[in-house]
**Q** 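Okay, handing you the structure first.
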Amino acid sequence: MRRSFVNTLIELAECDPRVVLLTGDLGFMVFEPFIERFPDRFFNLGVAEQNMVGVATGLADAGFVPFTYSIVTFASLRAYEFIRNGPVFHRLPVRIVGVGGGFEYGTAGPSHHGTEDVAVMRALPGMTVIAPADQAQAATALRACWDMPGPIYLRLGKDDHTIVPGLDGRFRLGRAEVVRHGDDLAIIAMGAIAAEASAAAATLSARGIEATLVIAASISPAPVDDLVEVLSRFPTVVTVEAHSVVGGLGSLVSEVVAERGLGCRVVRCGVRTAGDGTGGGEAYLNHRHGLSSDALATTARDALAGLRA
Amino acid sequence: MPAADAAPFGCAIRRLVLEQSKRANVGHIGSCLSVADIIAALYSGTLAIGDPDDPDRDRFILSKGHAALALYAALHVRGWVSAAELDTFCGDASRLGVHPEHVVPGVDFSTGSLGQGLSVAAGAALGARLLGSERRVFALLSDAECNEGATWEAIMFAAHHRLANLIAIVDLNGQQALGYTKDVLDLSPMAERWQAFGWDVHTVDGHDERQLTAVISDLDTTSGRPHVLVARTVFGRGVSFMEGQIRWHYLPMSDEQYRQALREVDDASCAAALLTP
């Protein structure tokens, strides 16, 4: 989604001189087209994410629409209090862009795994939180939201190629997108891991289990009405996120079930355990945490079987 | 206008700080007295602020937000915070808390968490430059705030981008919450440290309004390096039993202490001494 992000940002910057791009010394082979086009609107702040958000706050107050860019963990966690006390408290249009949710930086290790960002961003009143599922949806979301009042957290995947079948780049703020219809259970996915959820739905279908697949990219504001509609129709719902099961999509769905008094069972697929010091690539780590398409299909099938038993 | 209107600005701030701290029964008095003359110098003409809503006004960020009462006092003297509102300080549903909120007319940024103000000020200064505005951005930091690593991120950023329209003032009172800075996390030599990071450094007497005003007015804020005034101050300045005493970071005043403190700041010789160059 990085190339999709920078290409869309160039479009926006062409139309609006308020758009400026700040990076925490990241974006090699990504930002060059932007830098070439707008050398005076690009700032590498060095390895200093807190200052980057502080500077963005001052720029936003001066009337600019600054985008800050770093890896998910550094963009969100390292600078968190600056985000809270700056753009959130002052309701300023700073756009915090984190790249590489979940285990996308696989072998880089746990310091680079983005597994708590949505939880902490979702806790900030007035923060718009968007986690697109693929690059086409990322571009749509950026075009739809870039000029909104208040701050935005945009969680981008690294993958510039994988497309979630049926999504067709759709994005609506405060809404969820249904990309597959089935009667046996619902799967709700957030972020780039949606591709695994989509593959799991296909695997289940081959085994005679038909799933409805919902993509929730607009996390705040939450797509509450769309979720209620889906959750009311299924006794079993599986949530999929490359993120802690605490505070992210699984929590959001569970909150909707509890607050609306719905009767469905929520099975949260996501990160539940801390690392043990051993690592590996993204696919390996996703599988280890139950997020590969095979693991998700097994979890969904077991959940259905458990319910029937 | 306040009762102390006739007194020099710094003494007016001191009196208001004492009155409101006593009325609200809160602490942070020593910090407010430490910066009273710096804020007086800024708000008695240095800051180009005709109207706190003018987009091209100079900006001021009280990065050491715990001295907000001194800022409220100055905003009151300037007529932007009414006497009635000042009397709500630290009350329920008041806009005037221990740390400043940007909803208050004249407060440009909310602060309270140390080490964040200079970054925001640097962004505001960069924004002014990009817009071609000649407005300046001032940030008042405590010395202990320089314990925060993020302060040095901002210091490096401002020097790298040669933000000449950024003026930091460090309230060098040598104290922090649990002790003297030399004992907690030694910051000396403060001036040399900023200089080594590429700033234009001026060491000044932080209780000399005239010197502060003169030094600031001589700064080239259109080109060159960002500026810092390392302002030597005395924590609790103007109230003898508070000066240099750590406990006045915390304590509210007893009735007797309040009477004595008022006597001291109202003393004409005190006012004269404070203004002697």
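Note that this is a predicted model, so its numbers are computed, not measured. Quick note on labels: first sequence line is chain A, next is B, and so on, each numbered from 1.
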**Q** Answer with side chain, backbone, both or neither: which region of Glu81(A) has an atom nearer than 4.5 Å to a non-hydrogen atom of chain B?
**A** both
**Q** Measure distances from Phe89(A) to the heavy atoms of chain B and classify the residue's part below 4.5 Å as side chain, backbone, both or neither.
**A** backbone
**Q** Have a look at Tyr69(A) and tell me which of Phe34(A), Phe31(A), Phe43(A) forms a ring pair (Phe, Tyr, Trp, His ring centres under 6.0 Å) with it.
**A** Phe31(A)
**Q** To check you understand the geometry: which heavy-atom pair defines the closest contact between Gly250(A) and Ser254(A), and what is its length?
**A** O-OG, 2.7 Å
**Q** With a 4.5 Å heavy-atom cut-off, do Gln135(A) and Arg3(A) have their side chains touching?
**A** no
**Q** Can you tell me if Arg2(A) has over 12 outside heavy atoms packed within less than 6.0 Å of its CZ?
**A** yes
**Q** At a heavy-atom separation under 4.5 Å, does His161(B) approach chain A through its side chain, its backbone, both, or neither?
**A** side chain
